[in-house]
Student: 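Structure incoming, see below.
Hydrogens, waters and symmetry mates are skipped; everything else that's a heavy atom, side chains included, is used. Atoms within each ligand, like the ligands themselves, are counted from 1 in listed order.
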Amino acid sequence: MDTVEETITRAKDTSDTGPQTTRTPHVNAAQYHSLYEASISDPEAFWSKQGERLDWITPFTKVKDVSFDLGNVSIKWYEDGVLNVAANCIDRHLATRGDQTAIIWEPDDPAEAALHITYKDLHRNVCKMANVLEELGVRKGDRVILYLPMIPEAAYAMLACARIGAIHSIVFAGFSSDALGARINGCDAKLVITADEAPRGGRKTALKSNTDAALLHCKDSVKCLVVKRTGGQTTWTDRDYDYAEMALEADDTCAPVPMNAEDPLFILYTSGSTGQPKGVVHTSGGYLTYAAMTHEITFDYHDGDVFWCTADVGWVTGHSYIVYGPLANGATTIMFEGVPTYPDAGRFWAVCEKHKVNQFYTAPTAIRALMAAGNEPVERYDLSDLKVLGTVGEPINPEAWNWYNTVVGKGKCPIVDTWWQTETGGHLLTPLPGATELKPGSAQQPFFGIQPKVLDPQSGVEITTTEAEGVLVLADSWPGQMRTVWGDHERFEKTYFSDYKGYYFTGDGCRRDADGDYWITGRVDDVINVSGHRMGTAEVESALVAHARVAEAAVVGYPHDIKGQGIYAYVTLMNGETPSPELRKELETWVRTEIGPIAKPDLIQWAPGLPKTRSGKIMRRILRKIAEDDYASLGDTSTLAEPAVVDDLIENRMNRR
Ligand code: WTA
């Protein structure tokens, strides 16, 4: 009989495909506990074994070399190993599953045909794209920005970069041209890959013209490769190249470039509590090992299953659980171009039925929106292939969890509430199907090798009692951890390692219950979570104050029924300016164009003054309370420079219940 370790190391089915309740999970409760212990007591041995999930050109001899010491933070995994990520996601499967579907592409419009892209097709397309990139002068280490709809070319482009050693940085297609321009310049990209238009929910976003606008503020040498998705009208300039034309000419083989395990695979910009978004850097060997392992174990993925993660590749969830994790495991993964409510609220379930989805992974905000549409759109479809359901992005409220469990999962599908971050590369806290007794709303237990600790936020001292509440930190590294902030290692150290010495600080608060299960209580910094999308309040504020008529702005989150958190902006106008409904609209549009639609304030309150300490620091705690409609517990306001402004803000607050 296999050892437990062998069972989970081998990405193979161990059972028949009988009724879902009887399928043997990769990990059961006893195995979880013994293996977790092993992963903590001897991480080198544990992760050495897990590294064997991948095909190495030169096998690693060193597993882990990590320091969390401020001033000397360094994270390396498998550092002398050589591999190619694209070869691991494609080439190594060709002999055994070349004709198996790698990607099922489901278009925005259900009347358009879905595509079934086999591993052989994927290989051909990725090689062509890789050759096109090389022809455009892209070389190992160069940065390439992807600003694309959810079309197969997005996956081809990611893997083509990985194949030739270029570093991709995806900018979510919902971001504005300003945000795009900042990211092109931020990582000094050589090339932008975009499409003419992005169809989503029956509407089209003009990606190419956004890109043109962004490129006005970038170096002339930046080239633009355009995929024609809709054939919509676009302007062509000297720097533009037509992907279809070039692909036609391009060779359909391209040798994968040997990469060191610690060579960067991608940069992904994400919001922090201060300043502009930071470029989170993930590298090759450790990231892929961790994405593959978590994909297999958390979702209990078995060979032949159809896996669907509804995220966009513009977010880390799409990187790890649409593309890299599933493809490294030789899985069939769905890529969906549309939205949950188009053409109606049954779309997710229609796709589940159509493609016989076995694992379904989405965000609480989508679940809440669909729950509001009632049970009928779910009951219209046959969901009997579903085996595991997952959520990510924010805490899930028990009401939504119960609906997901009973109406979607028919009480038969374990729900994995996965807590993780752009920075972590993959799941860190999550129940495992078949191994964990579930608790609605809790991410429950650490994944293998993960050492969560709860600290007292003020003293920074670890709370060692089982029941604890405080800030969540991690005591040691895991292979999927980010390595640095692009171009700014000091910012990396300061953001994650300076508040609590010797730990990685997550920015989240949490509670540990009497059973030792973890409950995420939300961000403790100035990051808010709108529909599962991370937004720095500072970013929205700086967009607002960039408007000529705005003197000052303070942005906080407030509870929102569907989005989880909404954006509440307190705005002080310049002297002589008068508030008006038109100006409110103008500011909303302004933020949309500065950052993107996801950053549009839900509520704008005109604030003649903001509560500040005598030293001029805005008291966000008070603004948060007012926005939450909880003005009874404002705490001590006597230290404010002008206590009276608080009364005015309460008097005029927006979301009066
Ligand atoms: C929040 C998304 C509670 C958390 C993968 C974290 C969650 C931030 C959960 C990261 C969950 C994510 N329960 N909160 N299951 N998953 N979060 O970088 O605040 O977009 O710090 O990564 O989302 O968001 P990010």
Student: Assess W315 for proximity to ligand 1: is some non-hydrogen atom of it under 4.0 Å away?
Tutor: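 No heavy atom of W315 comes that close to ligand 1.
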Student: Nearest protein heavy-atom contact for atom 1 (C) of ligand 1: which residue, which atom, what distance?
Tutor: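 Answer, as residue, atom name and distance: G393 O, 3.2 Å.
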Student: Have a look at V416, D525, D508, T391 and point out the one with the heavy atom closest to atom 4 (C) of ligand 1.
Tutor: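 Looking at heavy atoms only, D508 sits closest to atom 4 (C) of ligand 1.
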Student: Examine ligand 1 and decide if any of its atoms is less than 4.0 Å from a heavy atom belonging to P395.
Tutor: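 Yes, that is the case, since the closest heavy atom of the residue is under 4.0 Å from the ligand.
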Student: Going by side chain to side chain donor-acceptor pair (under 3.5 Å), name the residues that satisfy it together with D526, two or more places apart in sequence or in a different chain.
Tutor: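 D526: side chain to side chain donor-acceptor pair (under 3.5 Å) contacts with R624.
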Student: Tell me if the aromatic rings of W478 and F448 count as close, with their centers under 6.0 Å from one another.
Tutor: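 Here the rings of F448 and W478 have centres that are no less than 6.0 Å from each other.
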Student: Can you list the ligand 1 atoms lying under 4.0 Å from a non-hydrogen atom of T422?
Tutor: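 Listed by number with element: 18 (O), 20 (O), 22 (O), 25 (P).
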Student: Heavy-atom contact under 4.0 Å between A443 and ligand 1?
Tutor: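 Contact check A443 vs ligand 1: negative.
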Student: With a cut-off of 4.0 Å, which atoms of ligand 1 are near a heavy atom of D417?
Tutor: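 Those of ligand 1 that fall under 4.0 Å from D417 are 11 (C), 13 (N), 15 (N).
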Student: Relative to the heavy atoms of N529, which atoms of ligand 1 are at a distance of less than 4.0 Å?
Tutor: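 Under 4.0 Å from N529, ligand 1 has these atoms: 1 (C), 23 (O).
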Student: To which protein heavy atom is atom 2 (C) of ligand 1 closest, and what is the distance rounded to 0.1 Å?
Tutor: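 Residue, atom and distance for the closest contact: W420 O, 4.0 Å.
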Student: How close does the nearest protein non-hydrogen atom get to atom 20 (O) of ligand 1, and which residue and atom is it?
Tutor: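 The protein heavy atom lying closest is R534 CD, 3.6 Å.
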Student: Indicate, as side chain, backbone, both or neither, the part of Q421 found under 4.0 angstrom from ligand 1 when only non-hydrogen atoms are considered.
Tutor: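 The answer is both.
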Student: Is ligand 1 under 4.0 Å from a heavy atom in the side chain of T317, in the backbone, in both, or in neither?
Tutor: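 Looking at T317 and ligand 1, just side chain atoms fall under 4.0 Å.
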